[in-house]
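Report on one structure; see the data block that follows.
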Amino acid sequence: MDLGEQIRNKAKELIEIETVDCVIGYERATDGVGARPLFAYKPEEVDRLIFDQTCTHNLAKYLLNRKDKATAIVVKPCDSRAINLLLNESQIQRDKLFIIGVACPGITKTGLNNTSEELQAACQICQQHTPVIYDFLVGEPPASEPDIAEAYADVAAMEGQSAEERRAFWEEQFSRCIRCYACRQVCPGCYCTECFVERLDPLWVGIRIAPEENEVWNTIRAFHLAGRCIACNECERVCPVNIPLSLLNRKLEEEVRELFNFQAGMDAETPAPFATYKKEEVFPEIG
Amino acid sequence: MTQFISKKDLLSWLSQLLEDRYLVAPTKVDELTLFRQVDRVDDIVFDFDNTTLSPKEWFFPPSETLFYVERKDGGVELIPATIERETAIFGIRPCDARGMAMNDYPFLAEPADALYRQHRDKTTLVGLACLTTRPECFCTSMGSGPHDPANLDILLTEVADGYIVQVLTDKGKALLPDKLITAADVSPPPVPALSDVPSGDISEKMRRAFDDPFWDRLADRCIHCNICSYVCPTCYCFDVRDYTDKERIERVRSWESCQSPGFTRIAGGYDPRPTKGSRLRQRFAHKLLYFPEQFGALACVGCGRCVRACPVNIDIREIIQDVQQLGVKSEA
Ligand code: SF4
Ligand code: SF4
Ligand code: SF4
């Protein structure tokens, strides 16, 4: 039975016995090759559910729109970490959720009418092929996770550059930002009812879509995700001007792992480093 | 007989243009194709489908200063921003030329927007006909077409060793000297075919679909980013804010989008479009119903950018099809 069929069978059962009133999963997109999110409320809508290596979206963000409603959701391992993040931060309720986890074969580079078979960069170095939280698992989890020696090769390459080179690189990247906020809207960790960027009093950043303001926007957003980013890489995928946001997020992820031995969303209980204060913690020397 | 310019003459003409005006043309930036002001002809790409962002940013920039207010001799003085230099945009596609003409309706309706007026007056549009198309293109269903010369000053169509030239306006004539053009017996390449999107009578169908639950269901999937508005050649909403310091106030406008959650929130916190569905409907109702009601033309030109860039496949072609069906159902 293919993954899609297993998901459809489970989803139909959940809708028919009214365990949930909506299943959030994937259906085929209008290009006929890619995927898009589907909200299935009725058994005949469940028939449209699919799963394959084009199912790139992290659907966990949508749970924030259905906080009080019984919902089933299809999650890949990285997406499942987003559920833990949201549970940990008291944004969603476990008893309203039915989690259909997918042992993930990796997602291919997507985009409209794209049939590339190459795995996305994040999937090439993925060390978590089984969801970390689920009620029902589809697919075959691997016997063991791959041991990836160079998990932060991209970050190391960036750090190998001089400060001037890095500044020039990021200035060029941020100058392209059009402040569409797609990176924020898609991110499961970005759920503030009033984002700092839209706040008027105090005014953190002006409305200009211009290099200086863009830089403030992009760097503060990255910092707000430190120790919270669950590495789904959705922000980078959706950016219409291809800003390599994962480099910022992964740099911060590496720092948090080294300093606190913590990775966001691996479970729903461990308090996040920036939500905890320990007296014995000392500020590391910054070189 | 057609008019012709050789590739070599075209390149030398473009480098001449650099001398007395800004030349804006498609360039490669990482993997994107973006209109940029170029300093050398070598930076221009000629082989591209369409640019990632639309040319609207050269008439209606992402951010722009409208005016300054400065203290002077015990009073205040208002200093409007002005556009001094002429610009030529090379490589505009026919759909986008139509898009700019659509923006003229709201911006040039009296009282005309002073800055937009200046950008428009000082810019000459040199179009490039499309020899190939992308799967998301549907310009032929929205009033334009791959070889449509409308709303351009010059249209170039690539053939072997050069381009067929159509000089369409006085502005175009002033830009391209006669001596560079020769008469030649070359036939234009075939116009690429595009699949049809059923746009006929769509405004009436939109009106009937206004209260349909369709919009709320569609909005389930929408993440309410501003990508569609910002990549669109014809989305023209903006926000205005003052940057102030002791001596000077600068009034700035920046792109805004009806898709942002706070867009219609007013004093007191009331929001006439409080739901995701009502916000999403606004984008399509504006393009397919309100704009045509006000100005007589659909405000989508079928460039396909929003289709390509939407992270969750909100596809205006599918929406037009679905709304046609909703109309049929409510008639029955
Ligand atoms: S998605 Fe890209 S362009 Fe849009 S706000 Fe984020 S970084 Fe900027
Ligand atoms: S910052 Fe990017 S990679 Fe991290 S959780 Fe948010 S969308 Fe995913
Ligand atoms: S609505 Fe989409 S297809 Fe139509 S003009 Fe705007 S970006 Fe292009």
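Nothing here was measured: the structure is a model prediction, and the numbers come from that model. A, B, ... follow the sequence lines: proteins, then strands. Residue 1 opens every chain.
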- Is chain A contacted by the side chain of B/Q321, its backbone, both, or neither, given a heavy-atom distance below 4.5 Å?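 Contact with chain A involves no heavy atom of B/Q321 at all.
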- Task: Could you tell me which portion of B/D220 (side chain, backbone, both or neither) has an atom closer than 4.5 angstrom to a non-hydrogen atom of chain A?
- Result: both
Per-residue contact mode, [X] against chain B (heavy atom under 4.5 angstrom):
X: A/I24; value: neither
X: A/E172; value: side chain
X: A/R237; value: side chain
X: A/E213; value: side chain

- Item | Aromatic ring proximity B/F60/B/Y236, centre distance under 6.0 Å |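 Centroid separation for B/F60 and B/Y236: 6.0 Å or greater.
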- Message: I'd like to know whether the aromatic ring centres of B/H224 and A/Y181 sit less than 6.0 Å apart in this structure.
- Response: no
- Name of the residue among A/K12, A/K42, A/R8 meeting side chain to side chain donor-acceptor pair (under 3.5 Å) with A/D47: A/K12
- Task: Please identify each residue that fulfils side-chain hydrogen bond (donor to acceptor under 3.5 Å, both in side chains) with A/N214, with sequence neighbours left out.
- Result: none
- Task: Begin from the C-alpha positions of B/W255 and B/Y230 and carry the test ring pair (Phe, Tyr, Trp, His ring centres under 6.0 Å) through to its verdict.
- Result: CA-CA 7 Å; B/W255 289 353; B/Y230 290 1; 5.3 Å; yes
- Task: Select, from A/P37, A/A35, A/G34, A/A182, the one with the greatest count of heavy-atom pairs under 4.5 Å involving chain B.
- Result: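 If we count pairs closer than 4.5 Å to chain B, A/P37 comes out on top.
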- Task: Tabulate, in ascending numerical order, the residues of residues 239-249 of chain B having at least one heavy atom closer than 4.5 Å to a heavy atom of chain A, or enter 'none'.
- Result: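 Residues of residues 239-249 of chain B touching chain A at under 4.5 Å: B/D239, B/V240, B/R241, B/Y243.
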- So, is the end of the B/R253 side chain (NZ or CZ) under 6.0 Å from the ring centre of B/F238 and within 45° of the ring's axis? yes
- If we ignore angles and hydrogens, is there a donor and acceptor under 3.5 Å between the side chains of B/T264 and B/R273?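 Looking only at side-chain atoms, B/R273 and B/T264 do not form any donor-acceptor pair under 3.5 Å.
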- Message: Run the salt bridge (charged side-chain N to carboxylate O under 4.0 Å, His left out) test against B/R221 and tell me which residues pass, sequence neighbours left out.
- Response: none
- Task: Give every residue pair that meets the ring pair (Phe, Tyr, Trp, His ring centres under 6.0 Å) criterion with at least one member in residues 35-74 of chain A, sequence neighbours excluded.
- Result: A/Y26-A/F51, A/F39-A/Y62
